[in-house]
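Before any comments, here is the structure.
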Amino acid sequence: MATTPEAEVDGAWDVPALLRSLTIEQKVALLDGADFWSTEPLRDHDVPSIMLTDGPHGLRKQRTGGDHLGLADSVPATCFPTASGLASSWNVDLLGEVGRALGVECRAEDVAVLLGPGVNMKRTPLCGRNFEYFAEDPLLAGHLAAALVRGVQAHGVGTSVKHFAVNNQETERLTISAEVDERTLREIYLPAFEHVVRDARPWTVMCSYNRINGVYASENRWLLTELLREEWGFDGVVVSDWGAVNVRDESLLAGLDLEMPSSGGTGGEVILNAYRAGTLREQDIDVAAERVLRLIERTSSAPEAPEFDAERHHALAERAAIESAVLLKNDTDVLPLRPESTKVAVLGELARTPRYQGAGSSLVTPTRLDDALSALNSAGFAELRFAPGYEIEADAADPDLVAEAVRRAADADVAVLFLGLPPTAESEGYDRDHLSLPAHQLQLLREVAAVNEHVVVVLAGGAVVTVDEWQRHATAILQGWLPGQAGGSALAALLIGAANPSGRLAETIPVRGAHAPALGAGEHGVVRYGEGLLIGYRWYDAHELPVSHAFGEGLSYTTFDYTELDVAVLEDGPRPRVAVSLTVTNTGARDGQEVVQLYVADPACSVFRPEQELKAFTKVALRPGESSRVTLELDQRAFAYWNTPLGRWIVEGGEFELRAAASSRDVRLAATVELAGEPISDPLTPDSELGAWLDDPVAGGLLGEALAASPMGGLVGDPQHVQMMRSFPAARLTRFPGIPITQAQLREWAQAANRARR
Ligand code: BGC
């Protein structure tokens with residue numbers, strides 16, 4: 001890779017000078033890919049081509065270009081758990097380590113930008129790509145993704161935070177218009193992107209395929225320029241999702257710099273024609289070309305990175321898989337298993353043939369692959385017998401396989417049954433149509449449970465499945481997600497207690513699919529986000545719906561106590577800061593990790609707010625009997641809502657409840673804090689409602705007096721009548737017979753009231 005373009009100053013490129021030396025055609029060439037994965041080089045100017053490639057949880061660098069679907073072979077790389085697993089670790093430091101490992105592998109393969117992570121919200125549990133996304137909560141997704149981005153970029157490799165924005169379903173993903181109101185955008189769909197951009201400064205952002213309120217993300221100037229760059233300070237390159245460009249000159253004006261993959265010159269032609277026609281200025285082209293040059297410079301001048309050590313990365317992948325798994329149920333403390341005294345039946349094809357990653361653009365060729373059956377075989381069980389029980393992609397039960405598994409279960413002390421979604425159930429490109437496990441697997445579970453009362457179910461899958469219909473047949477349930485190449489060893493370590501589960505759900509498991517928010521994927525090219533702010537636990541809480549397992553939930557082989565909650569207001573006013581401290585104690589007999597979650601509730605507010613929202617969290621490792629004092633800091637955003645008319649975040653003064661919790665439904669300690677916030681009210685106009693007029697000390701007096709003196713005076717004295725009339729805009733009253741008030745008077749009084757408020 002060349003690193004010395006002709007315009008170089010002190011080792012760094014003089015990008016403005018370099019740009020000045022380019023022809024318009026050369027600048028335009030920089031804005032399009034050279035092929036599927038690389039940028040266009042400018043050989044005369046020593047500007048190299050750089051490679052951008054997938055994906056979020058492992059490097060997918062194809063050996064042979066052109067086959068975007070991942071069917072072509074890719075170089076061996078460490079396959080970490082997918083985002084749904086990594087998010088369940090709730091471990092920011094771990095995400096940083098995984099990021100650094102990904103950065104090292106990219107450097108070893110000369111990859112300049114890793115295309116991830118994906119931080120879209122899990123609006124619906126049915127989204128086919130949920131395995132690649134972190135959470136149903138923007139704070140959790142944003143903090144974890146920022147750590148991953150910082151890790152990758154620490155080794156001089158860029159990231160591409162995707163898919164910006166509001167890409168929450170795969171159905172019609174290239175064309176669907178997500179119709180979503182501004183407050184919901186700001187509070188739910190944008191904050192994870194915003195946090196990553198502000199906090200971790202990714203080198204690129206990938207714009208999504210879909211439309212937002214009718215406008216393609218790739219042509220959305222508000223999104224790509226006003227919000228991303230002007231408001232959040234993004235200084236990198238906006239790259240299209242592969243094939244997301246619709247009209248190239250419009251996307252350039254909106255802020256999309258680099259079209260990928262190569263358009264074969266057609267994108268460049270459109271830009272040049274628009275330039276020649278005068279609808280695009282050279283300056284518009286320069287801005288984007290300069291950003292691409294700066295990206296190439298950044299990635300070409302990175303310092304040496306450490307050597308890629310495949311064994312160490314495999315060990316990290318195992319740790320990540322251990323931290324990702326969530327223990328959902330453990331009746332009679334059946335887990336951990338005691339191998340030396342246990343005759344175990346290991347059942348289910350997924351124990352031998354693991355499902356460890358998702359399908360689509362994130363498909364990795366692992367450096368090696370552990371399976372749980374082999375790992376359990378070396379765990380020293382008194383006896384271990386295996387039966388596959390089913391075929392992974394089968395439509396119906398195979399009676400012989402079921403009978404064999406039942407025989408094995410009947411002879412064992414414990415049956416460990418591996419169940420899960422088949423690979424075809426979830427993928428980029430299409431959504432799931434239900435949340436259930438395959439019926440034949442559930443039939444096997446019932447038959448195994450009929451002959452053995454100790455059934456441990458181990459789940460594989462990138463997203464939640466409902467458990468209500470079957471969990472009574474399972475003594476224990478361990479959700480392993482898509483745990484990456486070391487998942488088999490990780491799950492075995494958890495089952496035998498060599499490791500202690502510490503994962504917590506980053507997405508709710510509803511009782512039934514029909515309880516989930518956001519049913520349906522839209523129609524006629526449009527999907528309406530009618531549930532607004534209420535996705536995930538916000539939805540189940542608001543509707544007081546029971547859930548099978550709550551957001552934030554997960555068991556451990558030890559127990560934790562929360563005590564001594566203290567709240568300190570560090571700063572009050574419009575930008576408050578509050579510190580919340582508590583003591584967490586490991587009250588059990590094993591080393592373990594607890595995830596302390598802090599939810600904020602705003603019980604009385606002039607706008608609708610979710611029942612509670614996650615605003616801080618931390619993961620603490622404690623030895624038996626050990627305590628730790630944990631302090632979580634809350635800033636303005638923890639208390640604010642997006643005020644649409646004012647177009648900014650507002651903390652409305654009053655009482656807030658702070659809930660220190662082990663899950664969204666397991667609050668351990670709570671306190672209230674009174675904050676001044678900032679006084680806000682919409683300016684008064686003649687069209688404001690009568691209620692707003694009467695509530696205002698100045699306007700209420702002026703209008704009240706005038707009404708009292710009018711022939712309608714009697715009515716003003718009647719509270720019920722006033723209540724009934726409160727929603728009338730004041731201006732409408734002037735049209736009523738017998739009301740001697742003019743529009744001009746209303747305008748004058750409104751001005752007086754607004755002056756007094758300042
Ligand atoms: C996916 C992206 C991916 C890109 C390149 C697209 O279809 O949506 O996530 O990075 O392909 O493979």
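Counting starts at 1 for both ligands and their atoms, in listed order.
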Side-chain H-bond candidate by donor/acceptor type, S218 with N246, under 3.5 Å: no
Under 4.0 Å from any heavy atom of K162, which atoms of ligand 1 are there? 2 (C), 3 (C), 9 (O), 10 (O)
Under 4.0 Å, counting heavy atoms only: does R60 come that close to any atom of ligand 1? yes
Of the listed options (L114, D241, T53), which comes nearest to atom 2 (C) of ligand 1 when hydrogens are ignored and any heavy atom counts? D241
Any ion pair linking R637 and E194 (charged N to carboxylate O, less than 4.0 Å)? yes
Side-chain donor-acceptor contact under 3.5 Å, S362 with E428: no
Are side-chain N/O atoms of Y529 and N168 paired as donor and acceptor at under 3.5 Å? yes
Can R173 be said to touch ligand 1, with heavy atoms closer than 4.0 Å? yes
The atoms of ligand 1 lying under 4.0 Å from a heavy atom of M206, numbered in the order shown, are 10 (O)
Should you measure from each heavy atom of H163, which atoms of ligand 1 turn up under 4.0 Å away? 2 (C), 8 (O), 9 (O)
Within-cut-off N or O pair, W37 and ligand 1, under 3.5 Å: no
Taking a cutoff of less than 4.0 Å between a non-hydrogen atom of the residue and any ligand atom, is R129 in contact with ligand 1? yes
Measure from the side-chain N and O atoms of W13 to the backbone N and O of V47, and report whether any donor-acceptor pair falls under 3.5 Å. no
Using side chain to side chain contact (heavy atoms under 4.5 Å, CB included) as the criterion, point out the one residue from L459, L435, V465, L350 that pairs with L421. V465
Numbered atoms and elements of ligand 1 in range of S361, under 4.0 angstrom, heavy atoms: 1 (C), 2 (C), 3 (C), 9 (O), 12 (O)
Going by atom types alone, do T508 and E136 pair a side-chain donor with an acceptor below 3.5 Å? yes
